[in-house]
Amino acid sequence: LGMSIDRDKLGAQVMAELQQFEAGLAVTPFEVLLERPPISDARLAKCVEIMGTLVPTAYLTDMNLVLWLNTKAANLLLQHGTAPGIGYMVACVHFSYLALRGNYQSGHDVAQFGIALARRMGDRAGSGGATHYYAMMCIHWNRPLRDSLPIAQDSLEALIEVGDMEKAGYLYFVIVTTHFELGEALG
């Protein structure tokens with residue numbers, strides 16, 4: 001699809017993508033990005049779809065790859081516009097802010113923006129994915145762990161509705177372990 005990844009230099013590529021995204025946000029605030037039109041290039045839109053499909057597997061196999069996929073998608077939003085699933089990947093840029101910057105608040109802000117973007121687009125699958133990520137990986141850095149449960153439950157329902165059993169399965173795990181970590185009875 002016209003994109004190449006140098007596995008030996010992936011860490012540097014991730015950093016470059018994050019810096020490019022941050023530079024873009026400096027001149028194009030979230031409110032403006034919410035109004036971006038859809039990507040007009042069908043090949044590029046398909047590329048975003050494929051990238052989004054790879055994110056959950058990349059998360060379990062190669063952290064630099066998952067960081068690259070998400071920051072690259074965020075830059076595609078800045079440069080070309082929206083596509084189904086892009087809100088989910090933008091929400092996942094949160095992890096880049098944590099891993100590379102130690103910046104919890106900017107990560108939280110970008111995750112919330114990813115959710116808002118997917119909802120604005122009417123992308124139920126993207127919204128389910130973005131809130132899935134937010135409930136699993138983000139909210140507990142800024143709010144009490146208990147606050148993640150209703151968000152996770154809403155996301156679970158959305159993911160089941162759209163047939164995304166992979167992310168729904170992850171959420172079952174998170175919901176049960178969160179109840180356990182809160183000291184609640186599981187039976």
Side-chain angles (χ1 to χ4, degrees), residues 1-6 9-56 58-59 63-139 141-143 151 155 158 167:
L1 293 170
M3 291 186 189
S4 62
I5 302 172
D6 183 343
K9 297 179 183 173
L10 196 52
Q13 289 175 312
V14 168
M15 187 58 79
E17 290 291 339
L18 182 58
Q19 289 169 343
Q20 182 179 350
F21 180 63
E22 291 171 325
L25 287 181
V27 296
T28 311
F30 289 142
E31 297 79 26
V32 173
L33 289 175
L34 283 174
E35 304 300 324
R36 296 283 291 153
I39 293 174
S40 59
D41 180 340
R43 179 196 62 82
L44 206 49
K46 188 60 151 176
C47 193
V48 170
E49 179 185 341
I50 292 168
M51 291 166 66
T53 301
L54 294 172
V55 168
Y59 176 76
M63 197 50 60
N64 277 330
L65 179 57
V66 78
L67 296 176
W68 181 85
L69 288 166
N70 294 323
T71 53
K72 183 67 173 178
N75 284 317
L76 290 173
L77 168 67
L78 282 166
Q79 297 162 3
H80 300 282
T82 64
I86 205 164
Y88 163 61
M89 289 182 286
V90 169
C92 293
V93 171
H94 161 267
F95 198 68
S96 297
Y97 278 103
L98 263 58
L100 303 174
R101 298 276 192 256
N103 187 332
Y104 300 97
Q105 189 58 53
S106 292
H108 188 263
D109 294 345
V110 78
Q112 288 190 313
F113 167 69
I115 294 168
L117 177 63
R119 288 180 176 160
R120 170 88 177 180
M121 294 170 51
D123 181 4
R124 184 86 166 131
S127 176
T131 54
H132 151 267
Y133 179 83
Y134 184 71
M136 272 184 46
M137 304 294 290
C138 182
I139 192 172
W141 292 104
N142 295 72
R143 293 177 36 200
I151 295 166
S155 177
K167 290 185 197 85

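Any value given below was found using the heavy atoms of this structure, including those in side chains, with hydrogens, waters and symmetry copies removed. Values in this document were obtained by computation on a predicted structure and should not be read as measured data.
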NE2 on His132 to OG on Ser127, rounded to 0.5 Å: 12.5 Å
Where Cys138 and Gly107 come nearest, the two heavy atoms and their spacing: SG-O, 4.5 Å
Nearest-0.5 Å distance, CG of residue Leu117 to CD of residue Gln112: 13.5 Å
Main-chain N/O of Ile151 paired with Ser155 side-chain donor or acceptor, under 3.5 Å: no
Pair Glu35-Arg120, side chain to side chain contact (heavy atoms under 4.5 Å, CB included): steps then yes or no: CA-CA 9 Å; Glu35 304 300 324; Arg120 170 88 177 180; 2.7 Å; yes
Between CE on residue Met63 and CH2 on residue Trp68, distance to nearest 0.5 Å: 16.0 Å
Modelled atom types, side-chain donor and acceptor of Asn142 and Gln105, under 3.5 Å: yes
Reported CG-to-CD distance for the pair Asn70 and Glu17, which is rounded to 0.5 angstrom: 11.0 Å
Residue among Leu77, Leu33, Thr82 satisfying side-chain contact (heavy atoms from CB on, under 4.5 Å) with Val90: Leu77
Heavy-atom pair of closest approach, residues Gln13 and Ile5: OE1-CG2, 3.8 Å
Student check: side-chain heavy atoms of Phe30 and Leu25 closer than 4.5 Å: yes
Phe21 side chain near Thr71 side chain, heavy-atom distance below 4.5 Å: no
Heavy-atom donor-acceptor pair, Asp123 side chain to Arg119 backbone, under 3.5 Å: no
Audit row: Met15, Leu100, side chain to side chain contact (heavy atoms under 4.5 Å, CB included) steps and yes/no: CA-CA 8 Å; Met15 187 58 79; Leu100 303 174; 4.1 Å; yes
Backbone of Gly128 reached by a side-chain donor or acceptor of Thr131 within 3.5 Å: yes
For Gly126 against Ala118, the heavy-atom pair lying closest together: C-CB, 3.6 Å
Nearest heavy-atom neighbours spanning Pro56 and Tyr88: CG-OH, 3.9 Å
Intermediate values then yes/no, side chain to side chain contact (heavy atoms under 4.5 Å, CB included), Val48 and His80: CA-CA 11 Å; Val48 170; His80 300 282; over 6 Å; no
Reported OG-to-CG distance for the pair Ser96 and Leu98, which is rounded to 0.5 angstrom: 9.5 Å
Straight-line distance of Gln79 CD to Arg36 CZ, nearest 0.5 Å: 9.0 Å
Pairwise ring pair (Phe, Tyr, Trp, His ring centres under 6.0 Å) hits with a residue in residues 31-56, at least two apart: none
Shortest non-hydrogen contact between Leu67 and Ala99, atoms and distance: CD1-CB, 4.4 Å
Trace of the side chain to side chain contact (heavy atoms under 4.5 Å, CB included) decision for Leu18 with Arg101: CA-CA 10 Å; Leu18 182 58; Arg101 298 276 192 256; 4.1 Å; yes
Shortest non-hydrogen contact between Ala83 and Ile39, atoms and distance: CB-CD1, 4.0 Å
Heavy-atom side-chain proximity of Gln20 to Leu78 below 4.5 angstrom: no
Min side-chain heavy-atom separation Leu69-Leu65 under 4.5 Å: yes
Reference residue His108; test ring-ring contact (aromatic ring centres under 6.0 Å, His included); the match among Tyr97, Tyr133, Tyr134: Tyr134
